[in-house]
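Notes to accompany the following structure.
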Amino acid sequence: QAQLAESGGGLVQPGGSLRLSCTFSRPPFDYFAVGWYRQRPEKERELVAMFLSGDKPSYAESAKGRFTISKDDSKNTIYLEMNNLQPEDTAVYYCYEPSIPWGQGTQVTVSS
């Protein structure tokens with residue numbers, strides 16, 4: 001069964017940056033709906049960013065202007081560049097590919 005693995009989380013101060021990576025064990029059949037979700041403490045899992053048709057990126061309002069989703073087809077990897085992180089961005093970030101089970105996620109903690 002195909003798998004994915006997230007990495008790149010950590011502790012960062014407010015205003016800081018992180019880049020998350022997600023590597024798939026096989027190339028996605030299609031990048032439509034592939035993206036990143038997060039689950040903040042005591043909240044439901046929510047969409048952060050994803051690819052739409054034609055690999056066009058789409059962002060949640062909270063991510064617009066601060067986060068950038070990208071991919072490297074040669075590495076079967078997608079990324080989430082996160083800038084100007086704030087405490088409310090503290091969450092477990094999950095990579096999503098419709099035909100692959102959820103991974104363990106990567107913890108992002110924004111705190112001074």
Side-chain angles (χ1 to χ4, degrees):
Q1 187 174 25
Q3 297 179 327
L4 54 83
E6 304 101 336
S7 62
L11 173 63
V12 63
Q13 292 186 342
S17 299
L18 282 174
R19 188 177 80 156
L20 307 183
S21 300
C22 173
T23 299
F24 304 105
S25 60
R26 54 131 175 96
F29 299 122
D30 190 311
Y31 276 95
F32 181 80
V34 172
W36 292 93
Y37 286 70
R38 70 184 182 186
Q39 188 162 14
R40 294 183 284 178
E42 300 182 9
K43 299 286 188 180
E44 296 288 319
R45 194 170 299 188
E46 61 183 359
L47 175 68
V48 177
M50 65 186 290
F51 293 105
L52 300 178
S53 59
D55 295 348
K56 179 180 179 181
S58 177
Y59 299 96
E61 283 298 320
S62 60
K64 287 181 180 178
R66 299 188 301 131
F67 296 0
T68 302
I69 188 172
S70 62
K71 63 185 180 74
D72 186 334
D73 294 344
S74 69
K75 297 181 180 179
N76 296 339
T77 298
I78 67 169
Y79 304 97
L80 186 67
E81 183 78 34
M82 304 186 294
N83 298 311
N84 191 24
L85 284 161
Q86 300 300 317
E88 54 266 32
D89 295 313
T90 294
V92 179
Y93 284 72
Y94 297 90
C95 176
Y96 175 71
E97 201 278 9
S99 65
I100 299 176
W102 293 97
Q104 296 296 311
T106 186
Q107 175 71 47
V108 172
T109 302
V110 185
S111 175
S112 55

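Atom set for the values below is all heavy atoms of this structure, side chains included, hydrogens, waters and symmetry mates excluded. The structure presented is a predicted model; accordingly, all values stated were derived computationally and were not measured.
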Measuring from [X]:[atom1] to [Y]:[atom2], what's the distance to the nearest 0.5 Å?
| X | Y | atom1 | atom2 | value |
| --- | --- | --- | --- | --- |
| Leu47 | Ser58 | CG | OG | 6.5 Å |
| Leu85 | Ser17 | CG | OG | 6.0 Å |
| Ser70 | Asp55 | OG | CG | 11.5 Å |
| Cys22 | Ile100 | SG | CD1 | 7.5 Å |

Would Met82 end up clustered with Val12 when hydrophobic side chains under 4.5 Å apart are linked, directly or stepwise? yes
Examine Val108 and Met50 and state if one hydrophobic cluster contains both, with Ile, Leu, Val, Met, Phe, Trp and Tyr joined whenever side-chain heavy atoms are less than 4.5 Å apart. no
For the backbone of [Y] and the side chain of [X], can you confirm whether one donor and one acceptor N or O come within less than 3.5 Å of each other?
| X | Y | value |
| --- | --- | --- |
| Tyr59 | Ile69 | yes |
| Thr106 | Gly9 | yes |
| Thr77 | Thr23 | no |
| Arg19 | Glu81 | no |
| Glu97 | Val34 | no |

Side chains of [X] and [Y]: closer than 4.5 Å at any heavy-atom pair?
| X | Y | value |
| --- | --- | --- |
| Thr68 | Leu80 | no |
| Trp36 | Glu6 | yes |
| Phe67 | Asn83 | no |
| Ser111 | Pro87 | no |

Give the intermediate values and the outcome of side-chain contact (heavy atoms from CB on, under 4.5 Å) for residues Ile78 and Phe51. CA-CA 10 Å; Ile78 67 169; Phe51 293 105; 4.1 Å; yes
When you look at CD of Gln39, are more than 12 heavy atoms from neighbouring residues, nucleotides or ligands closer to it than 6.0 Å?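 Atom CD in Gln39 is crowded, with more than 12 foreign heavy atoms closer than 6.0 Å.
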Does Arg45 make a cation-pi contact with Tyr94, if we ask for NZ or CZ under 6.0 Å from the ring centre and within 45° of the axis? yes
Please confirm whether Lys71 makes a cation-pi placement over Tyr31, using NZ or CZ under 6.0 Å from the six-membered ring centre and within 45° of the ring normal. yes
Taking the six-membered ring for Trp, are Tyr37 and Tyr96 ring centroids under 6.0 Å apart?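 Ring-ring flag for Tyr37/Tyr96: true, centres closer than 6.0 Å.
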Closest approach of [X] to [Y] (non-hydrogen atoms, all atoms of both residues):
| X | Y | value |
| --- | --- | --- |
| Arg66 | Asp89 | NH1-OD2, 2.7 Å |
| Trp102 | Cys95 | CE3-O, 3.5 Å |
| Thr90 | Val110 | OG1-N, 2.9 Å |
| Pro98 | Ala33 | CG-CB, 4.1 Å |
| Arg38 | Ser62 | NH2-OG, 3.5 Å |
| Pro101 | Gln1 | CG-NE2, 3.2 Å |

With the threshold set at 4.0 Å, does a side-chain nitrogen-carboxylate oxygen contact exist between Glu88 and Arg40?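 No, Glu88 and Arg40 are not salt-bridged.
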If you measure only the distance, is there a donor-acceptor pair under 3.5 Å linking the side chains of Ser99 and Arg26? yes
